Amino acid sequence: MSALYRAVGPLLRLLPPETAHGAAIGALKQGWIPVPQAGEDDRLAVSLWGLDFAHPVGLAAGFDKDGEVVDPMLDQGFAFVEVGSVTPRPQPGNSRPRLFRLGAEQAVINRMGFNSAGADVVARRLETRTRRGIVGLNLGANKDSDDRAADYVEGARRFASLADYLVVNVSSPNTPGLRALQGSEPLRRLLAAVRDAAPAARLLLKVAPDLTLDDLTDIATVVMDGAVDGVIATNTTIERPEDLRGRHKGEVGGLSGRPLMRSSTHVLSDLYDFTAGQVPLIGVGGILDGDDAYAKVRAGASLLQLYTGLVYRGPGLVMDIRRRLAERLARDRFASISEAVGADHR
Ligand SMILES: Cc1cc2nc3c(=O)[nH]c(=O)nc-3n(C[C@H](O)[C@H](O)[C@H](O)COP(=O)(O)O)c2cc1C
């Protein structure tokens, strides 16, 4: 953790969470957050889908929903930034409060409900970017949409040439009925339609952690049939571990952070098994330090993402993870991160 965040972090956490998030976005836009100096470490480099990632650590969807701070977050040391979820039309999301910290367990519960500036605004921001750096675009559906699948298709068409990869996110718990699209047949149809709309795009699917083994087997089958180029595991959970404490533990929404690490890594590991290690996986959920990150790599993740860790550890977390990953690779005598991917399965 940087000295600055040691001082500022506790102050930010005195503010209501959404206010603190707004302040962080504002500070990033103004260039007030010091940019870390980093040497590149070739052992951490990842080549995937024809893209060269300097290292595996990316920013998960939800932090920069409207594409306001893509370049500042790349400057903070992330290898890639995922914008979104973006809905075709702007929508306000659920009423506030809708974001809660569970400090004792380094967790967050959110029921934002896809608050989005909408595709037009976000597309314009991406069109006017000048910095290089890998950007993903996470697609969502409008709450009042009659045809959710059509929303993803529209988003894919719109963003195919503006992002390095697209994500079909059918795993957010805060839009009623959305997760039903993870079922085998609806999923197959949805992904085929999105593929048709953006045939040249790299297409990823983001799944929930609350899936049964049967669900996961079905998803793996669809994925192995070539419906997508990779899977992001996982979104937030609607489960509540029994030992959760704090006055917000009963809030409705998706839980992220430390208590999600175990179940999301489990899903990641199962997907690696069910796809025989042949489909690139992005591991996300509960990464609070470099050892968590390394555990996801060994479980099968080629790339990683985080969000909640930033709330508790600040932006210095990215550099800490990169350093720790290099140490763990050396200790396990791996010459590169790709050698460590899925090591726990061998
Ligand atoms: C406040 C908040 C908003 C989020 N919004 C989205 C979203 O719009 N789309 C999405 O796919 N995931 C969203 N997520 C989920 C994260 O991308 C990630 O999958 C999840 O938080 C687990 O990672 P973490 O434990 O590192 O936070 C959101 C998470 C949080 C905490």
Side-chain angles (χ1 to χ4, degrees), residues 16-22 24-25 57-67 73 78 80-87 91 93-94 96-102 105-117 122 136-143 152 155 165-175 178-179 181-182 204-210 231-239 248 251 253-265 267-268 281-289 292-293 295-296 301 303-313 317-318 321:
E18 210 169 331
T19 311
H21 182 253
I25 297 276
V57 188
L59 179 63
F63 183 89
D64 189 13
K65 282 180 184 270
D66 295 333
M73 289 311 270
F78 283 103
F80 61 110
V81 167
E82 191 169 303
V83 170
S85 297
V86 180
T87 56
Q91 64 175 31
N94 291 323
R96 300 184 192 199
R98 52 192 180 176
L99 182 58
F100 307 89
R101 287 188 210 101
L102 286 74
E105 28 267 307
Q106 302 192 304
V108 161
I109 292 176
N110 93 81
R111 53 167 178 271
M112 305 300 287
F114 283 169
N115 52 311
S116 174
V122 178
L137 196 292
N138 184 307
L139 301 168
N142 279 113
K143 185 178 179 186
Y152 292 96
Y165 67 87
L166 301 177
V167 182
V168 173
N169 171 27
V170 285
S171 49
S172 283
N174 301 312
T175 297
L178 190 80
R179 305 199 319 170
L181 290 171
Q182 290 176 119
L204 311 189
L205 171 70
K206 185 165 179 180
V207 300
D210 312 314
V231 182
I232 305 183
T234 66
N235 215 306
T236 57
T237 178
I238 53 171
E239 297 289 327
H248 295 306
E251 292 292 346
L255 175 72
S256 58
R258 178 73 85 200
L260 177 59
M261 174 67 193
R262 190 206 292 245
S263 59
S264 70
T265 308
V267 166
L268 171 76
L281 304 175
I282 300 186
V284 49
I287 297 179
L288 270 292
D289 60 32
D292 296 333
K296 295 233 191 241
L303 293 170
L304 304 163
Q305 290 178 327
L306 59 88
Y307 179 168
T308 305
L310 284 180
V311 174
Y312 294 101
R313 305 284 160 93
L317 175 59
V318 186
I321 291 176

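Start at 1 and go down the list; that is how both ligands and their atoms are numbered. Keep in mind it's a predicted model, so treat the numbers as computed, not measured.
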Item to check | Separation of Lys296 NZ from Leu303 CG (nearest 0.5 Å) | outcome: 13.5 Å

Next on the checklist: Counting non-hydrogen protein atoms only, what is the nearest one to atom 16 (C) of ligand 1? Give residue, atom name and distance.
Outcome noted: Ala61 O, 3.4 Å

Checklist entry - Where the closest heavy atom to atom 19 (O) of ligand 1 is concerned, which of Thr234, Asn138, Thr236, Leu59 has it? => result Thr234

Checklist outcome for this item: the protein heavy atom lying closest to atom 7 (C) of ligand 1 turns out to be Ser85 OG, 3.5 Å

Item to check | Residue, atom name and distance, where the atom is the protein heavy atom closest to atom 12 (N) of ligand 1 | outcome: Lys206 NZ, 3.0 Å

Checklist entry - Which part of Asn169 is near ligand 1, with near meaning a heavy atom under 4.0 Å away: side chain, backbone, both or neither? => result side chain

Checklist outcome for this item: Counting heavy atoms under 4.0 Å, the part of Leu260 that contacts ligand 1 is side chain

Checklist outcome for this item: Of all protein heavy atoms, the one nearest atom 26 (O) of ligand 1 is Tyr307 N, 3.0 Å

Item to check | Shortest protein heavy-atom distance from atom 31 (C) of ligand 1, along with the residue and atom involved | outcome: Ser256 OG, 3.6 Å

Next on the checklist: Under a 4.0 angstrom heavy-atom cut-off, which atoms of ligand 1 come close to Leu306?
Outcome noted: 26 (O)

Checklist outcome for this item: side chain to side chain contact (heavy atoms under 4.5 Å, CB included) with Thr234: of Asp210, Leu268, Leu260, only one passes, and it is Leu260

Checklist entry - With a cut-off of 4.0 Å, which atoms of ligand 1 are near a heavy atom of Leu99? => result 1 (C)

Checklist entry - For atom 15 (C) of ligand 1, what is the nearest protein heavy atom, given as residue, atom name and distance? => result Asn235 OD1, 3.5 Å

Checklist entry - Cut-off 3.5 Å, side chains only: do Thr87 and Lys143 have a donor facing an acceptor? => result no

Checklist entry - For atom 6 (C) of ligand 1, what's the nearest protein heavy atom and its distance? => result Gly62 CA, 3.6 Å

Next on the checklist: Give the atom numbers and elements of ligand 1 that come within less than 4.0 Å of a heavy atom of Gly286.
Outcome noted: 24 (P), 25 (O), 26 (O)

Checklist entry - Checking Tyr152 side chain against Asn169 main chain: does a donor-acceptor pair fall under 3.5 Å? => result yes

Item to check | Steps toward side-chain contact (heavy atoms from CB on, under 4.5 Å) verdict (Phe63, Leu306) | outcome: CA-CA 9 Å; Phe63 183 89; Leu306 59 88; over 6 Å; no

Item to check | Contacting atoms of ligand 1, where contact means under 4.0 angstrom from a heavy atom of Val284 | outcome: 18 (C), 19 (O), 22 (C), 23 (O)

Next on the checklist: Looking at every non-hydrogen atom in both residues, tell me the closest pair between Arg258 and Leu288 and how far apart they are.
Outcome noted: N-CD2, 3.5 Å

Item to check | Parallel, tilted or perpendicular: ring planes of Phe80 versus Tyr165, cut at 30 and 60 degrees | outcome: perpendicular

Checklist entry - For atom 27 (O) of ligand 1, what's the nearest protein heavy atom and its distance? => result Thr308 OG1, 2.6 Å

Checklist entry - Shortest non-hydrogen contact from Leu102 to Ile109? => result CD1-CG1, 3.7 Å

Checklist entry - Relative to the ring of His248, is the ring of Phe100 parallel (under 30°), tilted (30 to 60°) or perpendicular (over 60°)? => result tilted

Checklist outcome for this item: Nearest non-hydrogen contact to atom 5 (N) of ligand 1 from the set Met112, Lys65, Arg258 belongs to Lys65

Checklist entry - Which one of Val108, Asn110, Thr237 has a non-hydrogen atom at the shortest distance from atom 30 (C) of ligand 1? => result Asn110

Checklist entry - So is Gly257 polar-close to ligand 1, meaning N/O to N/O under 3.5 Å? => result yes

Next on the checklist: With side chain to side chain contact (heavy atoms under 4.5 Å, CB included) as the test, pick out the partner of Lys206 among Asn235, Val168, Val170.
Outcome noted: Asn235

Next on the checklist: If we ignore hydrogens and angles and just use 3.5 Å, is the side chain of Ser85 paired with the main-chain N or O of Gly140 as donor and acceptor?
Outcome noted: no

